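So that the names make sense, note that chain A is the first sequence line, chain B the second, and so on, each numbered from 1. The structure displayed is predicted, hence computed values, not measured ones.
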Protein chains: 2
Amino acid sequence: MDKNKQTARFEEVCRENGLKVTHQRLEIYRTLAQSDAHPSAEALHKLLVEKMPTLSIDTVYRTLATFEELGLVKRVGTMASRARFEAKIDQHHHFFCDQCGQLIDFTWNSFDAMYIPEEMKGLGKILEKNVVLHGICSKCLSKK
Amino acid sequence: MDKNKQTARFEEVCRENGLKVTHQRLEIYRTLAQSDAHPSAEALHKLLVEKMPTLSIDTVYRTLATFEELGLVKRVGTMASRARFEAKIDQHHHFFCDQCGQLIDFTWNSFDAMYIPEEMKGLGKILEKNVVLHGICSKCLSKK
DNA sequence: TCTTTAATAAGAATTAATCTTAATTAAAGT
DNA sequence: ACTTTAATTAAGATTAATTCTTATTAAAGA
């Protein structure tokens with residue numbers, strides 16, 4: 001996606017949702033969109049303060065949360081930033097309820113039997129291969 | 001796995017690694033092993049203090065970290081408890097280097113085309129289906 | 001341009017997680 | 001049973017990530 005299209009889409013999404021297109025929001029979005037490092041809020045802030053010295057870390061967190069709600073960005077590999085554990089160590093996968101945080105284990109033999117794409121072999125040594133499903137569990141669905 | 005086998009294996013792993021089989025370790029392990037809630041350290045502590053009023057939260061954290069090193073337990077859905085973001089919202093997957101924390105995107109069409117197991121349909125509404133690979137990236141591998 | 005109201009900055013506050021030190025406890029080996 | 005030593009407790013300090021509070025600023029519409 002080229003830069004102008006990206007920005008145009010960004011402004012469109014903001015307007016559709018009644019959000020002001022502020023300088024901060026635009027820069028945060030553009031910086032994230034141009035990165036492939038999956039940066040944390042702090043890493044983004046560090047990059048951005050070079051150009052915008054008064055940008056507060058709070059704005060970065062708040063803005064990312066807003067973007068996440070709009071579906072403009074995604075949060076990866078974390079669930080509410082609190083570590084959770086399991087003693088089940090045989091191969092299995094997880095369904096995560098985005099509403100209540102519940103985790104449900106499941107097995108998927110036909111996936112386990114799959115080989116990862118050939119072009120991935122160069123990445124390094126792969127130790128685990130897991131599926132994560134996200135959604136809303138039936139309990140939360142029935143609450144509405 | 002039945003309770004006795006589980007405990008026996010636990011004690012064996014401790015002994016193999018020169019760790020004392022303490023009451024606290026055993027209870028923490030058993031409680032986690034009997035749970036399917038993927039509890040946090042705090043949640044586990046809350047459960048355990050009922051029976052062991054002097055158990056400290058610090059011991060729970062320390063013990064879980066020890067267990068993780070031994071491969072007795074796994075930490076799920078978190079990467080060092082720091083949220084990371086991406087603006088790439090088309091369907092893709094992640095390779096995570098457990099050593100340096102680097103995340104690499106990849107696509108996997110034949111996986112994307114798969115249907116999840118029939119018995120999973122009852123879980124609720126599934127919004128996303130992703131693969132997470134864990135391992136050591138080639139950069140980290142070559143450092144040794 | 002003026003006004004309204006959402007968004008931001010700055011710093012305080014919170015929360016999870018870890019570390020420190022010293023004193024106590026209890027495994028495991030003799 | 002005795003001894004050694006690792007592990008735990010207690011209590012507090014510390015660090016890091018995230019969120020909250022309040023006063024100020026600036027986007028968007030009139």
Side-chain angles (χ1 to χ4, degrees), chain A residues 7 10-29 31 38-70 72-73 75-85 101, chain B residues 7-8 10-32 38-49 51-70 72-73 75-85 101:
Chain A
T7 303
F10 171 76
E11 298 193 351
E12 188 192 316
V13 173
C14 282
R15 296 228 167 78
E16 276 170 5
N17 291 276
L19 293 180
K20 293 180 179 172
V21 180
T22 65
H23 182 213
Q24 290 87 341
R25 280 179 178 157
L26 193 53
E27 287 307 310
I28 290 169
Y29 181 73
T31 304
H38 304 78
S40 65
E42 298 217 343
L44 269 176
H45 181 254
K46 198 176 261 180
L47 283 175
L48 286 159
V49 278
E50 310 244 320
K51 290 185 177 177
M52 311 167 66
T54 68
L55 180 71
S56 71
I57 182 70
D58 179 70
T59 295
V60 179
Y61 276 111
R62 192 167 17 77
T63 300
L64 287 171
T66 305
F67 289 173
E68 197 185 3
E69 281 172 30
L70 301 187
L72 279 169
V73 311
R75 186 181 296 257
V76 295
T78 174
M79 34 202 51
S81 84
R82 163 177 257 187
R84 290 168 64 177
F85 301 86
Chain B
T7 302
F10 170 77
E11 299 194 349
E12 188 191 315
V13 172
C14 283
R15 296 228 168 78
E16 276 169 5
N17 290 276
L19 293 179
K20 291 181 178 171
V21 180
T22 67
H23 184 213
Q24 289 87 342
R25 282 179 176 157
L26 192 54
E27 286 307 311
I28 290 170
Y29 180 74
R30 295 217 301 222
T31 303
L32 183 57
H38 305 79
S40 65
E42 299 218 341
L44 268 176
H45 181 252
K46 196 175 263 182
L47 283 175
L48 286 158
V49 278
K51 289 185 178 177
M52 310 166 67
T54 68
L55 180 71
S56 71
I57 181 71
D58 183 70
T59 296
V60 178
Y61 276 111
R62 191 169 15 79
T63 301
L64 287 171
T66 305
F67 289 172
E68 198 184 3
E69 281 171 31
L70 301 188
L72 277 170
V73 312
R75 187 179 296 254
V76 294
T78 175
M79 33 202 50
S81 87
R82 163 177 261 188
R84 289 169 66 176
F85 301 87

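In this structure, the salt bridge (charged side-chain N to carboxylate O under 4.0 Å, His left out) partners of Arg62(B), at least two apart in sequence or on a different chain, are Asp58(B). Looking at residues two or more places apart in sequence or on another chain, you find a side chain to side chain donor-acceptor pair (under 3.5 Å) between Glu27(B) and Arg30(B).
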Where do N or O atoms of nucleotides 19-22 of chain C meet protein N or O atoms at under 3.5 Å, pair by pair?
residue: dC19(C); atom: N4; partner: Asp58(B); partner atom: OD1; Å: 3.1

Interface polar pairs with nucleotides 28-30 of chain D, N/O, under 3.5 angstrom:
residue: dA28(D); atom: OP1; partner: Val21(A); partner atom: N; Å: 2.9

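For Thr59(A), a side-chain nitrogen or oxygen approaches OP1 or OP2 of dA9(C) to under 4.0 Å. Look at Gln24(A) and you won't find any side-chain N or O under 4.0 angstrom from OP1 or OP2 of dA26(D).
Scanning all heavy atoms of the two residues, the minimum distance from Ala43(A) to Pro39(A) falls at CB-CB, 3.9 Å.
Put simply, CZ on Arg62(A) is 9 Å from C1' on dA9(C), counting in whole angstrom units. Regarding Leu26(A), its CG atom lies at a distance of 15 Å from the C1' atom of dT8(C), rounded to whole Å. His23(A) has its NE2 atom 10 Å from the P atom of dA9(C), to the nearest Å. In this structure, Ile57(A) places its CD1 atom 14 Å from C1' of dT8(C), rounding to the nearest Å. When the C1' atom of dA26(C) is taken as reference, atom CZ of Arg25(B) falls 12 Å away, rounded to whole Å. Remark: C1' of dT14(D) and OH of Tyr61(B) are 14 Å apart, rounded to the nearest angstrom. The CG atom of Leu64(B) sits 10 Å away from the P atom of dA17(C) (whole-angstrom rounding). In this structure, the CD atom of Glu27(A) is 16 Å from the C1' atom of dA7(C), given to the nearest Å.
An end-to-end axis angle of 50° holds for the helix from dT1(C)-dA30(D) to dT30(C)-dA1(D), taken from five base pairs per end and rounded to 10°.
Here the options are Thr63(B), Ile57(B), Leu64(B), the test is side chain to side chain contact (heavy atoms under 4.5 Å, CB included), and the partner is Tyr61(B); only Ile57(B) passes.
One finds the OG1 atom of Thr31(A) at 4.0 Å from the CG atom of Leu48(A) (value rounded to the nearest 0.5 Å). Ile28(B) CD1 to Leu72(B) CG: the interatomic distance, rounded to the nearest 0.5 Å, is 12.0 Å.
Among residues at least two apart or in separate chains, side chain to side chain donor-acceptor pair (under 3.5 Å) pairs with a member in residues 45-56 of chain A are Ser56(A)-Thr59(A).
For the contact set between residues 46-55 of chain A and DNA chain C, defined by any heavy atom under 4.0 Å, the members are Thr54(A), Leu55(A).
Note: Phe10(A) and Phe67(A) have perpendicular aromatic rings, judged against thresholds of 30 and 60 degrees for the angle between ring planes.
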Quick one: side chains of residues 12-23 of chain A, donor-acceptor pairs under 3.5 Å with protein atoms, not counting sequence neighbours, listed by atom name and distance.
residue: Asn17(A); atom: ND2; partner: Val13(A); partner atom: O; Å: 2.7
residue: Thr22(A); atom: OG1; partner: Arg25(A); partner atom: N; Å: 3.1

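Residues Leu26(A) and Glu11(A) form a side-chain contact, since some pair of their non-hydrogen atoms from C-beta on lies under 4.5 Å apart.
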